[in-house]
Structures are given as structure tokens and as C-alpha cells.
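Remember, it's 1-based here, ligands and their atoms both numbered in the order they're listed.
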Amino acid sequence: SDGVNRSQDEIHLHSPLSMPNATGYLWNKKMMFQMTCRGFANALHMQPEPAKYAYGQSFEAKTFLQPEHHYYAGHPGRFFYIKLNNGSLFSLPYEPTRQKLDKFTFIQKQDALRWEVEKDNLRFLLEVKLAEDIALEDWRLELINLGDQDTYIDIYPCFSIGYASWMNQSARFIPQLNGVMAEYITPYQKAEDYPKIKASMDKTVLIADAPIESYDTSTPQFLGEGHMHCPDAIMQSTLFNSSALYETPIAVLQHKISVPASQKVKLSWLFGPCKNEAHAMQLKNRLSKHNTARPAHINSGISIETPDNTLNQMVNTWLPRQLSYHIESDRLTTDPQTRNFLQDHLSSIWLHPKLAKKNLLLALSQQNKNGAMPDGILLHKDAELKYINQVPHSDHNVWLFPFVELYLNETNDYSILAETLAFSDDKKPYSVEEHLERACEYLWSQRDHRNLSLIKQGDWCDPMNMVGIRGKGVSFWLSLASAYAMGIWAKILGTIQQHEKAQKWQDAQQTLNDACNDLGWDGNWYARGITDGDEKFGIAKDKEGQIFLNPQSWAILSGAASQDKTEKILTAVEAKLKTPYGYCMLAPAYTQMDERIGRVTQKFPGTAENGSIYNHAASFYAYALYTQEPARTLTKSKDIAYEVLASMLVSAHDCLKRGQLPNFIPNYFRGAYHQLPEAAGRSSHLFNTGTCAWFYRSIIEGLFGLQQHSGKLTLQPNLPSTWESASISKKIYNANVRINIKRGKQFTLSTDANNLNVKGNEVSGFVENQTYLITLVVPHD
Ligand code: CEZ
């Protein structure tokens, strides 16, 4: 067995060794907290820019959340050394002593991470939750003496604070706080940065409820001649009571506890950033109550029952959590990439439609009057475009259209199109409809003489930065994505009776599709682009980067791919991109810099955009296969689409190889299966990903085939051929609808409600807050 148990609401891992990097995560609106089963931790809080309150032991570069985070002995963590009076020393959860424990269970709960550990007749129940409203970790330990002898124990919570500043860092014990406070000055050089520094919470506290025997706050003094697995201070009867005077801070406390036979003892601690001593004293008051972070279960209004239990658990429990994390945290940035913002908030449309509307309007308020969307959406008055958002990308406008389409379909709130708001460079109010019209016009204007879309320094693929650096290179993916966007806009215009405009965009869509068919079709699949130097790539004659998944998916979405071409695409993707761990984004992975293409070719083969199983791209493929003609009508499409989705989920048979728990969908698994099979399948452990919304959408609109439009629900399920039945419950126009699907001779649709109108596979007349049961019989293909 893989040592993992899954229940409806929890995931249990029974060894710290089988998947050392397996992590659980928690978040609230102010912070994100990720911890490995062994005790290493990553935490970020927003103030308003992302900041840390516990660092590594040497100076760290500031960056965004990275995949395949590197853990090492000495990595920041939350540890508890345990010393028994028989001299035995070990640590919880497992690091840093790495002593064998009699029993070990790491549990991802909905609102907590928990460890249940046994050693030497003692049971330790350790749990962390986050405060609901602020950045604060709330730690609880319950200690149970399973033996028949009274036991005396030294417990040393040891929380890394690390090297926070080369300018100024220190830490000290504060008796009235019953804890440790570290102080540091975020390093800076420009005087104009001082106001920001001044406002930031440059302090970290560890506060205990139990009496403290001794403490250490200086890492070098705590370690002495030892290391984290056997620090000198822990080897003494008491700690050294050190202060950190421009030394790397750490917070270690000693509690002397006696636990009578068969009795239990409870201890608690708080850990997090704070402003000053007075603020720390306020935090201390929270020790008495348990700060439940959030309702135990996030209700998305959608649940499924299918023969695939891994899928059920992901869709019903873990995905809503991941969707919710994205919409509440905006990936811990104040300038989310426009494409990420618009895709992450697809989830708001299901979970929180008012937030979805607010965010669409926010994004459009930052649009230029020429129609161009900015590279990032600023969420805070002082926010600025950083990192990748300083590189001009060409695709941001595209993402408005799937967003608006889903919003209108789910809410039927067409009044949004008449709302008015200014452009960033024109204070006059314009309707949302006008904003969207200009967004389309902008996409249309960014073509070259061949009717192909200019890529600039990247499209959806961020690091494809040199294809168009001289202003000539084009992207077939972007051309197809623009066509798809125009097609959506044409449909919306049709619905609001703007037939002339609708026709214009349909024609534009056709023009782009035709250009891609003329110049991009390589015989068995679509090419990825044409470089500044007029060289086509992503084609059969390329040795590396021969085929890319995205142009195939979007040729289906845009309607460019005919039935015949779609058949060929499916065959090529199965042959060239499919691996036992999922579908790669490109293959073969690049092994050296291709200066015609750029940075993507320099990433390690099989990681991220260079040929990993990039789940975001795979989710586009599944969505395309399920929802678009002619792909949908091909018998094998349904099974392939299901396989694409199922292979993104960590399951019992490949958990160990992926090294991840089934508590989220990561942004990628290692690809390059034929080139580097030993690493293939490994999870990136990064749960920031556009995948989750498109995965959810693929299940709802694709697998279950629930398509909402103008008050109607059309049912076109695409169950995998081996399934005999499945059901889904979902809010449809605010009514509670359950749909049971089973196999039978011929298609029938029936309902228990006589006030619903049924016409073929179309149902309408839903009344808010009513409950409906719909039964569908679908034949085998
Ligand atoms: O970041 C993501 C971006 O957030 O890569 C996607 C892109 O669509 C998302 O907007 C595909 O390129 O190399 C880079 O600079 C990339 O920006 C990566 O950091 C990439 C990471 O894989 C993080 O998910």
C-alpha cells in the first residue's frame, strides 16, 4: 500500500519517509501556510506585499512561489524536541532529529494540519490551524501518557525565524509575553522605500501558554558545536537563555511537564508576524480560544457521485478548497498576471458570483482605451507591476471572454454588459459591452500581414520570450485563442440581438482560423508559432519541441480543426504527448537553449513549460475534447478527456512516484518521460495553478455536460464508456438541482417536477431555491 488513507474530509499519511516532501496547506485572506509531513514550513503573509516571518539560515532572494521547493536540513520549520527522563531525545513531527517513531500519521484536514505520533508509551496529538482574520499560526499539543508510570518530559518548541536582514536583526525573551520576539529591518537602500519599510510588520513572535523553564533566541548559541538534530542547548538540562544580538534569530522554549500515568496534558503556542510589543500582547489574548480558520468544509454548491472515488473526493472536497484558496489569496500577490486573475476567478463565478462581477469590473477598469488589457491587475493602491508583469505579453485580452461567457451562462445576468466604467486612460464611462468590443478589436489589431497574432515577448507561455522579440514572430496558439475569444463574443452579441457585430466577429474568427489552417497545419497537428526569423516551430521536422499541446486544444476550441484534423490531433497527442502520468505540454523537451524561441528551452527538461505534464495545459485539452464539436462527437474523445483529467489526480497506485498527497492538483508533474523516466511523474507541489478552475469546468460542462445559457440547461453528458451511472448536484440559476444519469437503450430525460419545461435535452423554468430531480438515460456509444 502507499501508506495513505483517504476519507471524505481527511487525508492520512502513515510515514515521514515514503514521501518526504508531501505537504499540506492552509490559508486565510492574509496568509498561506504549507508544511511538509516532516515539519519543514513555508509561510507568506500579505502586508500588503507578500512577506515572510520565518526565513532560511542565509540570505534569500525575494521571489514568487516556486515549484519543487527545495528542503534541506536547517530549512525553516516548526519543530518540537522531546526529551524524556530516560535520556531519549526525538522530535516532532519528525525533523530535525529524524529519530524513528513508533507510530506516525500526518493528516491534512479541511482547516488544520495534524500529526498523531507515538513514541515510548506517549501519544502526541499536534495540530496547527490559522487564525481566521490575521496572519497567525495556532499550535496545540495534546500529550497522553499511555503507560502506567508518571512521566517527566522536557518539550522544546523550536520555531525557525532565520536570516531576515543584513541591516539589523535580533531576538529576545519577553517574560510578560511568555515568549520570544525577534525584530529585523527589511533590508533596503533607497530612501523612497523607507515609508514601506516603516509600515511593515518586521517582528516575529512565539508565545506560549505553559510556564517556560528556559529559552534560546540566538541560533549560533543554541546550536553551539551541534547541529539542528542535536543542538548543544538541548543536550544541557536547561537552554542557554541567549539573546540574539545581530545573530540569526530562533525561538526555542523549554517546558518541563509531568504527565501522570494514563493522563493527558495540553499545551498551546502562537507564532506569527507582529508590529510591536503591544501588538504581541494583544495576540497573546488569543491563546485561550481556538481560532478556527474557516468552516470545516467549503460548500461550492456542486457535488458528484461517480464510479471513480479519487475523482469524487477531489471534486467534492479538495478542489473547492483549492478554488477557494485562489480566489481568496490571489496567489499571494498584489499584481496577479491578468490571465491568472481572470482564470482563477472563473471559480468565483461558482463560489461567489458577486466577487466575480466585482473582479471583472476591476480588471476592465484597468483596460486601456485602445482595448489592451495590462499585464497584471493591481489589487492595491500602492501595488505595481513586478517580475513577469514587466515583460510585454500578448494574450491577456483573450481571458476576458471565457470569463464573461461563464459568468453570463451561470448567472444569466446580462445587465452587467450595460454597466459603465472608465478606461485607465480615459475617465469617461463606457459600457462593459464597449470594453469587451474594444478588447476584441485590440486582439484583431495585433495581427501581421498573414492574419496571424503577434506574440511579443510571450503569450500564455510566459517564458516563450524570444519568438517575437523583434516584433515579427507570431503564435498559432494565440491566433487560435483570439479566434476562440471572438467566437465567444459573437455568440454573446447574438444573444443580445447585435447581429451585425456578431457577424463581424464570426468573420474575424474565420479569418484567423483560415490563416492557422493555411500556415499552421503541419500534416498531423498544428505548429506552435513562426519566429522573428520566419522559421516555423513545433512541427514534425523539429527534433525537440516537435509538438505542443496548446495549439491542438485551442484549434478544437476555436473551431479551426475539422473532423479529419481533429482525428489526426487525437492520434498525434496519444502517440507523442501521453505518458503514464498524464499529458505533456510539449515533446520532446528541449535540452539546450534555442535562441529563436527563448527561455522556455532553458528550463530543466521535463519541468514547468519545458515538457512537463503541465496540468493547466492538459485541462484545456480535456475541456476542448468534451465541449466542442467535432471532437465531442468522436467516440474516443470522452475516454481520452476523462483520462486526461484522471491522470492529474494522485491515486493510490502512483502516490509514491508522484510524491504528493491527493489534497490538491499541482501545477505540474515531471514530464520528459522518454528522456528522463526516473524523474517522470514527480509533483511540483505547487498548488498555484490555473488548472483547478478549468478542471472543475471540464467536469461540470464536459463530463456531466451541463451547459447553461439564457435560463436554459442543456444536458449533453460525456460519461467514460466504462461508467454505468453517475450523478451531480449543482445550483442551476439558484435552484438546487440533482441529475442522475444512467445507461439505457435510448436517450430520455425525465423530472419529478411538473413545473419544468423539457424539450429534448433542454430544461428550463427553474425557480430559485426550489429543489429538482432530473433523471437522464443515455445509451452506450
Ligand atoms: O508561471 C505560470 C504563469 O503564472 O506559467 C504559465 C502562465 O500561463 C501563468 O500565467 C505558463 O507559462 O517561467 C516563468 O516565468 C513562468 O511564469 C513560470 O514561473 C510559471 C510557473 O510554472 C509557475 O506556475
Would you find a donor on one side and an acceptor on the other, under 3.5 Å apart, between the side chain of Thr23 and the backbone of Thr36? no

What's the shortest distance from atom 9 (C) of ligand 1 to any protein heavy atom, and which residue and atom give it? Asn340 OD1, 3.4 Å

Return the closest protein heavy atom for atom 15 (O) of ligand 1 as residue, atom name and distance. Arg599 NH2, 2.8 Å

With a 4.0 Å cut-off on heavy atoms, does Tyr387 reach ligand 1? no

Which residue and heavy atom of the protein sit nearest atom 6 (C) of ligand 1, plus the separation: Tyr614 OH, 3.3 Å

What's the shortest distance from atom 20 (C) of ligand 1 to any protein heavy atom, and which residue and atom give it? Glu609 OE2, 3.4 Å

Would you say His616 contacts ligand 1, with heavy atoms under 4.0 Å as the rule? no

Could you check whether Asn409 and Glu701, counting side-chain N and O atoms only, form a donor-acceptor pair closer than 3.5 Å? no

Between Arg331 and Phe64, is NZ or CZ placed under 6.0 angstrom from the six-membered ring centre and within 45° of the ring axis? no

Could you tell me, atom by atom, which parts of ligand 1 come under 4.0 Å of a heavy atom of Pro463? 12 (O), 13 (O)

Give me the nearest non-hydrogen protein atom to atom 1 (O) of ligand 1 as residue plus atom name, then the distance to 0.1 Å. Asp462 OD2, 3.9 Å

Hey, is Gln66 touching ligand 1 through its side chain, its backbone, both or neither, going by heavy atoms under 4.0 Å? neither

Would you confirm whether Asp654, through its side chain, and Tyr581, through its main-chain N or O, come within 3.5 Å as a donor-acceptor pair? no

Can a donor-acceptor pair be found, under 3.5 Å and without considering hydrogens, that links the side chain of Thr601 to the backbone of Asp594? yes

Would you mind telling me if ligand 1 is within reach of the side chain of Asn667, the backbone, both or neither, using heavy atoms under 4.0 Å? side chain

State the NE2-OH distance between His45 and Tyr53, to the nearest 0.5 angstrom. 7.5 Å

Among all protein non-hydrogen atoms, which one is nearest to atom 19 (O) of ligand 1, and what is the separation to 0.1 Å? Phe64 CE1, 3.6 Å

In terms of residue, atom name and distance, what is the protein heavy atom nearest to atom 8 (O) of ligand 1? Trp460 O, 2.7 Å

Compute whether any side-chain donor of one residue and acceptor of the other, for His69 and Asn42, lie under 3.5 angstrom apart. yes

How many angstroms lie between atom CG of Leu703 and atom OG1 of Thr627, to the nearest 0.5 angstrom? 12.0 Å

Using a strict cut-off of 4.0 Å, indicate which atoms of ligand 1 neighbour a heavy atom of Gln337. 3 (C), 4 (O), 9 (C), 10 (O)

How long is the span from the CZ atom in Phe537 to the CE atom in Met464, to the nearest 0.5 Å? 4.5 Å

For ligand 1, which atoms sit closer than 4.0 Å to a heavy atom of Lys603? 13 (O), 14 (C), 16 (C), 18 (C)

Is any N or O atom of Arg339, backbone or side chain, closer than 3.5 Å to an N or O atom of ligand 1? yes

I'd like to check which ligand 1 atoms, numbered from 1 as shown, lie under 4.0 Å from a non-hydrogen atom of Cys461. 12 (O)

Once you round to the nearest 0.5 Å, how far does CD1 of Ile597 lie from CE of Met466? 10.0 Å

